[in-house]
Asker: 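Sharing a structure below in structure tokens format, with a few things to ask.
Heavy-atom basis, side chains included; hydrogens, waters and symmetry copies ignored.
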Amino acid sequence: MPFDQEGALELLAEEGWEQNDSGQLANGDGEVFAFSLLTNSEALVRTDWIVAVQQMLGEIGIEVETETMEFGAYLDRINPPNWDFDAIAGAWSLSLDPNMESLFHSSNIESGQNNIAYESEEFDELATDNRAILDVDERMETLQQAAMQVAEDQVYTFMYYPTEFQAYRDNIQNHSYNSRAGLFRVQEWWIEE
């Protein structure tokens, strides 16, 4: 989807942000819309796209300072108790059981992966209820409702979902596919001569 500058400016104007004489987006008090966007330096795709985000938002007057750092330092900075960031570019993937509870349940704010401090009674109830549902179709529906709640609340701005392809030769034996790790249990593979 192309970047709709006019649409973005209209939505921001509804919230009180207008371009000033310098082309910067500012509120009625003259405060300029500016923030820092942080990611880890090892994630080459994200280090590229934070620059693209900086450029695109700059075109409508939002000042974005990009910052990259080593992964351990990045995690230390974004996780509790530090929470030292304006915005982050991150990534995660779910297991084959797509329960998002660890990422978004309010019980995981202080000591879990909910580092954005998202709180939603609706999500919490759906995420908690899903653990007790045995019927696969009913559970899938509950998890979909939980995902829709996250999307509706705009918890994250989901930027992209990568397409990955994996190919293996016929003579590789004992290979086990895993959606989260291309070299899953590689030490157990062997090649048939």
Asker: Considering all heavy atoms of both residues, which atom of Glu31 and which atom of Trp17 are nearest to each other, and what is their separation?
Answerer: O-CZ3, 3.2 Å
Asker: Count the heavy atoms belonging to other residues, nucleotides or ligands that lie under 6.0 Å from CE of Met148, then report whether that count exceeds 12.
Answerer: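 No, not enclosed.
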Asker: Which atom names give the shortest non-hydrogen contact between Ala147 and Met100, and what distance separates them?
Answerer: CA-CE, 3.2 Å
Asker: Got more than 12 heavy atoms from elsewhere within 6.0 Å of CD, Gln5?
Answerer: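 Yes, because the 6.0 Å sphere around CD of Gln5 holds more than 12 heavy atoms from other groups.
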Asker: If hydrophobic clusters are built from ILVMFWY residues whose side chains come within less than 4.5 Å, do Phe35 and Phe3 share one?
Answerer: yes
Asker: Counting N and O atoms only, with roles assigned by atom type, does the side chain of Glu42 sit under 3.5 Å from a partner on the main chain of Phe71, one being a donor and the other an acceptor?
Answerer: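 Such a contact is found between Glu42 side chain and Phe71 backbone.
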Asker: Shortest non-hydrogen contact from Ala26 to Asn20?
Answerer: CB-ND2, 4.2 Å
Asker: Does atom CD (Gln187) have a neighbourhood of more than 12 heavy atoms from anything else shown, all under 6.0 Å?
Answerer: yes
Asker: Are any non-hydrogen side-chain atoms of Asp153 and Phe104 less than 4.5 angstrom apart?
Answerer: no
Asker: Nearest 0.5 Å, what's the CZ-CD1 distance between Arg77 and Ile88?
Answerer: 10.5 Å
Asker: Could you state the interatomic distance from CG (Leu126) to CD (Glu122), rounded to the nearest 0.5 Å?
Answerer: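 If we round to the nearest 0.5 Å, Leu126:CG and Glu122:CD are 8.0 Å apart.
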Asker: Would you say Trp189's side chain and Phe184's backbone share a donor-acceptor pair under 3.5 angstrom?
Answerer: yes
Asker: Parallel, tilted or perpendicular: which describes the rings of Tyr156 and Trp92, with under 30° parallel and over 60° perpendicular?
Answerer: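 Tyr156 vs Trp92 ring planes: tilted.
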Asker: Counting only heavy atoms not in Gln173, do more than 12 sit closer than 6.0 Å to its CD atom?
Answerer: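 Atom CD in Gln173 is crowded, with more than 12 foreign heavy atoms closer than 6.0 Å.
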Asker: Please determine whether the number of non-hydrogen atoms from other residues, nucleotides or ligands lying under 6.0 Å from atom CD of Glu6 exceeds 12.
Answerer: no
Asker: For Ile60, is there any backbone N or O sitting under 3.5 Å from a side-chain donor or acceptor partner on Gln19?
Answerer: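 Indeed, once roles are kept as given, a pair shorter than 3.5 Å links the two residues.
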Asker: Between Val155 and Phe123, is the side chain to side chain contact (heavy atoms under 4.5 Å, CB included) condition met? List the steps.
Answerer: CA-CA 11 Å; Val155 176; Phe123 178 86; over 6 Å; no
Asker: Let me confirm one number: the CD1-CG distance from Ile191 to Asp170, rounded to the nearest 0.5 Å.
Answerer: 12.5 Å
Asker: Please walk me through it: do Val150 and Leu103 pass side chain to side chain contact (heavy atoms under 4.5 Å, CB included)?
Answerer: CA-CA 10 Å; Val150 167; Leu103 296 166; over 6 Å; no
Asker: Between CD of Glu119 and NE2 of His105, what distance do you get to the nearest 0.5 Å?
Answerer: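 One finds 10.5 Å between CD of Glu119 and NE2 of His105.
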Asker: Check whether Asn174 reaches the backbone of Glu188 with its side chain - one donor and one acceptor, N or O, closer than 3.5 Å.
Answerer: yes
Asker: Closer than 3.5 angstrom, by distance alone: can the side chain of Asn27 be matched with the main-chain N or O of Asp29 as a donor-acceptor pair?
Answerer: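 Side chain of Asn27 to backbone of Asp29: a pair is present.
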Asker: If you measure only the distance, is there a donor-acceptor pair under 3.5 Å linking the side chains of Ser22 and Gln24?
Answerer: no
Asker: Out of curiosity, does Trp49 fall in the hydrophobic cluster containing Ile62 (side-chain heavy atoms, cut-off under 4.5 Å, transitive links)?
Answerer: yes
Asker: Would a distance-only check, ignoring hydrogens and angles, find a side-chain to backbone donor-acceptor pair under 3.5 Å from Asn130 to Thr142?
Answerer: no
Asker: Quick one: does Gln54's side chain have a donor or acceptor within less than 3.5 Å of a partner on Val64's backbone?
Answerer: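 Here the side-chain-to-backbone pair exists.
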Asker: Of the non-hydrogen atoms in Ala127 and Glu101, which two are nearest, and what is the gap between them?
Answerer: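 Smallest heavy-atom distance, with atoms named: O-OE1, 3.6 Å.
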Asker: Within the 4.5 Å heavy-atom criterion, are Leu25 and Leu9 side-chain neighbours or not?
Answerer: yes
Asker: What distance do Asn79 atom CG and Tyr74 atom OH have between them, rounded to the nearest 0.5 Å?
Answerer: 9.0 Å
Asker: For Ile78, run the side-chain contact (heavy atoms from CB on, under 4.5 Å) check against Thr39, Ile116, Asn115 and tell me which one passes.
Answerer: Asn115
Asker: How far apart are the C-alpha atoms of Thr66 and Thr47, what are their side-chain angles, what is the distance that settles it, and do they pass the side chain to side chain contact (heavy atoms under 4.5 Å, CB included) test?
Answerer: CA-CA 9 Å; Thr66 63; Thr47 58; over 6 Å; no
Asker: Verify, without hydrogens or angle tests, whether Asn108 (side chain) and Asn114 (backbone) share a donor-acceptor contact under 3.5 angstrom.
Answerer: no
Asker: Looking at CG of Leu37 and CG of Leu57, how far apart are the two atoms once the value is rounded to the nearest 0.5 Å?
Answerer: 8.5 Å
Asker: After noting the C-alpha distance and the side-chain angles of Asn99 and Leu143, does the key distance pass the side chain to side chain contact (heavy atoms under 4.5 Å, CB included) rule?
Answerer: CA-CA 7 Å; Asn99 183 359; Leu143 289 171; 4.3 Å; yes
Asker: Do you know the tightest heavy-atom contact between Ile50 and Ala89?
Answerer: CG2-CB, 3.5 Å
